[in-house]
Protein chains: 2
Amino acid sequence: LIVTENLCKTYLIGGQQLMAIKNINLAISANEYVALTGPSGSGKSTLMNLLGALDSPSSGTYWLNGKDVSSLQDPELAAVRNKQIGFVFQTFNLIPRFTALENVALPLLYANMGPEDRIRMATEKLCEVGLSKRLHHKPNELSGGQRQRVAIARALVNNPTILLADEPTGNLDSKTSDDIMDLFENLHHAGNTIVVVTHEADIAQRALRVVRLTDGQIESDIIN
Amino acid sequence: LIVTENLCKTYLIGGQQLMAIKNINLAISANEYVALTGPSGSGKSTLMNLLGALDSPSSGTYWLNGKDVSSLQDPELAAVRNKQIGFVFQTFNLIPRFTALENVALPLLYANMGPEDRIRMATEKLCEVGLSKRLHHKPNELSGGQRQRVAIARALVNNPTILLADEPTGNLDSKTSDDIMDLFENLHHAGNTIVVVTHEADIAQRALRVVRLTDGQIESDIIN
Ligand SMILES: Nc1ncnc2c1ncn2[C@@H]1O[C@H](COP(=O)(O)OP(=O)(O)OP(=O)(O)O)[C@@H](O)[C@H]1O
Ligand SMILES: Nc1ncnc2c1ncn2[C@@H]1O[C@H](COP(=O)(O)OP(=O)(O)OP(=O)(O)O)[C@@H](O)[C@H]1O
Ligand SMILES: [Mg+2]
Ligand SMILES: [Mg+2]
């Protein structure tokens with residue numbers, strides 16, 4: 001499903017090359033559940049952004065469903081990002097002037113759903129993450145963990161075949177964390193593919209495979 | 001050092017009153033090390049913002065060092081916020097167009113330090129949090145955990161007597177987390193006061209007292 005070959009991402013800063021990820025060779029099959037771990041700064045978010053087709057590599061290739069992602073153009077690229085992939089950003093990336101409900105309903109514009117169905121579906125997702133009483137709050141009227149859950153609901157609302165979640169429980173207490181991980185497991189049991197970046201050992205243990213990055217490279221890739 | 005009496009914060013939203021915190025009575029002495037825990041949305045950040053004099057309560061009183069904080073005006077209020085208190089925000093609140101070094105040096109403007117001393121002090125703090133190689137990166141050129149550590153360095157740079165840290169390790173791997181908690185313990189052993197909001201049990205265990213919030217009120221207040 002996901003295959004990368006010698007994937008590299010280099011930044012130019014202060015006149016120097018900084019290799020955020022170097023020669024990543026990764027293969028993830030459909031219906032896998034992978035945890036991506038590693039120290040702060042090791043390249044996890046960079047890799048996730050490439051897998052989510054939100055960024056392009058400096059070199060190397062990324063095949064998604066057998067297609068070279070760098071050859072994709074809109075509208076196909078937009079469809080991949082919005083319908084096939086659900087992405088939970090490490091910094092949430094919510095739209096400040098939209099309410100929780102409006103933020104979560106947004107990807108459904110790609111699902112050819114009428115406005116009533118979009119509201120109903122978005123409401124359902126927000127209830128699943130425990131935010132039934134916060135539908136009409138804007139991001140600055142929500143706590144950190146509530147914003148994180150809006151980002152999670154938005155990633156799940158299109159029933160994606162691939163969920164890419166970058167540290168989805170960093171702002172959540174353990175009970176709420178468990179609820180979110182249960183949701184992810186439901187998605188997995190329905191046949192979908194999950195990649196979760198996490199710093200927490202107990203979250204990583206719930207995955208079936210753990211890939212560890214250090215200094216932009218894969219240090220280990222172990223079946224749980 | 002910190003005394004609150006019937007502290008309340010209420011928001012008006014959708015025509016309704018939302019009591020984020022209700023009748024908080026809290027007393028923290030100098031040189032205490034307190035963990036503040038509780039479910040997502042329970043009022044922890046709201047309380048921290050009040051303790052940091054970054055926001056004012058809807059009702060109730062907050063005495064800091066024996067003074068009623070609501071009676072403070074600039075420049076005394078600004079001095080309290082910038083010299084006496086170090087605040088690590090849950091969402092970091094870094095200045096996007098400033099580098100890590102410039103962000104950390106900013107509070108030192110209140111310390112009457114010349115520019116060379118400010119650069120030296122800010123560099124030292126960034127090295128202490130492991131960012132010696134990221135001094136000239138702007139926030140959008142840093143990973144999530146690196147931004148979090150810039151926020152921590154900025155809170156520590158003025159050697160505050162009170163450190164208020166709102167989920168300071170949420171984006172950090174366990175080794176980096178331990179390093180940060182060691183820094184906090186050094187500050188504590190030097191006689192200062194620490195309040196840390198955390199969802200992680202092992203971080204809470206390093207404190208000497210644990211205050212738990214639920215639904216805006218103190219549920220328990222226990223010596224560790
Ligand atoms: N501006 C606002 N208007 C309305 N409600 C608000 C506003 N800001 C916060 N709230 C609500 O106040 C409650 C407390 O928020 P707070 O940020 O203090 O929670 P928290 O304990 O820090 O949560 P977390 O662990 O998720 O960070 C939340 O339920 C939130 O929805
Ligand atoms: N625009 C940029 N310019 C220069 N360097 C960058 C840029 N963006 C990221 N980096 C660097 O690339 C490296 C990898 O960043 P990345 O965000 O992928 O790390 P991460 O593993 O997600 O870390 P964390 O666990 O802290 O979130 C970091 O060392 C970071 O400083
Ligand atoms: Mg990251
Ligand atoms: Mg909070």
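Every chain is numbered from 1, with letters handed out A, B, ... down the list of sequences.
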**Prompt:** Quick one: of His137(A), Arg134(A), Glu141(A), His136(A), who has the most non-hydrogen atom pairs under 4.5 Å with chain B?
**Reply:** His137(A)
**Request:** With a 4.5 Å heavy-atom cut-off (strictly below), which parts of residues 206-224 of chain A touch chain B? List them by number.
**Result:** none
**Request:** Select all residues of residues 86-106 of chain A having any heavy atom within less than 4.5 Å of some heavy atom of chain B, and report them by number, or 'none'.
**Result:** Gln90(A), Thr91(A)
**Prompt:** Is the backbone of Ser40(B) close enough, under 3.5 Å, to the side chain of Asp173(A) for a donor and an acceptor to pair up by distance?
**Reply:** yes
**Prompt:** With only heavy atoms counted, which part of Gln146(B) is less than 4.5 Å from chain A, the side chain, the backbone, both or neither?
**Reply:** both
**Message:** I need the Ile13(A) CD1 to Lys138(B) NZ distance, nearest 0.5 Å.
**Reply:** 7.5 Å
**Message:** Using heavy-atom distances under 4.5 Å, tell me whether Leu18(B) contacts chain A through its side chain, its backbone, both, or neither.
**Reply:** side chain
**Item:** By salt bridge (Lys or Arg N to Asp or Glu O under 4.0 Å) - contacts of Lys175(A) (at least two apart)
**Value:** Asp179(A)
**Complete:** One option among Ser45(A), Pro39(A), Gly14(A) has the most heavy-atom pairs under 4.5 Å with chain B, and it is Pro39(A)
**Asked** Applying a criterion of heavy atom separation less than 4.5 Å, what residues of residues 197-204 of chain A form contacts with chain B?
**Response** His199(A)
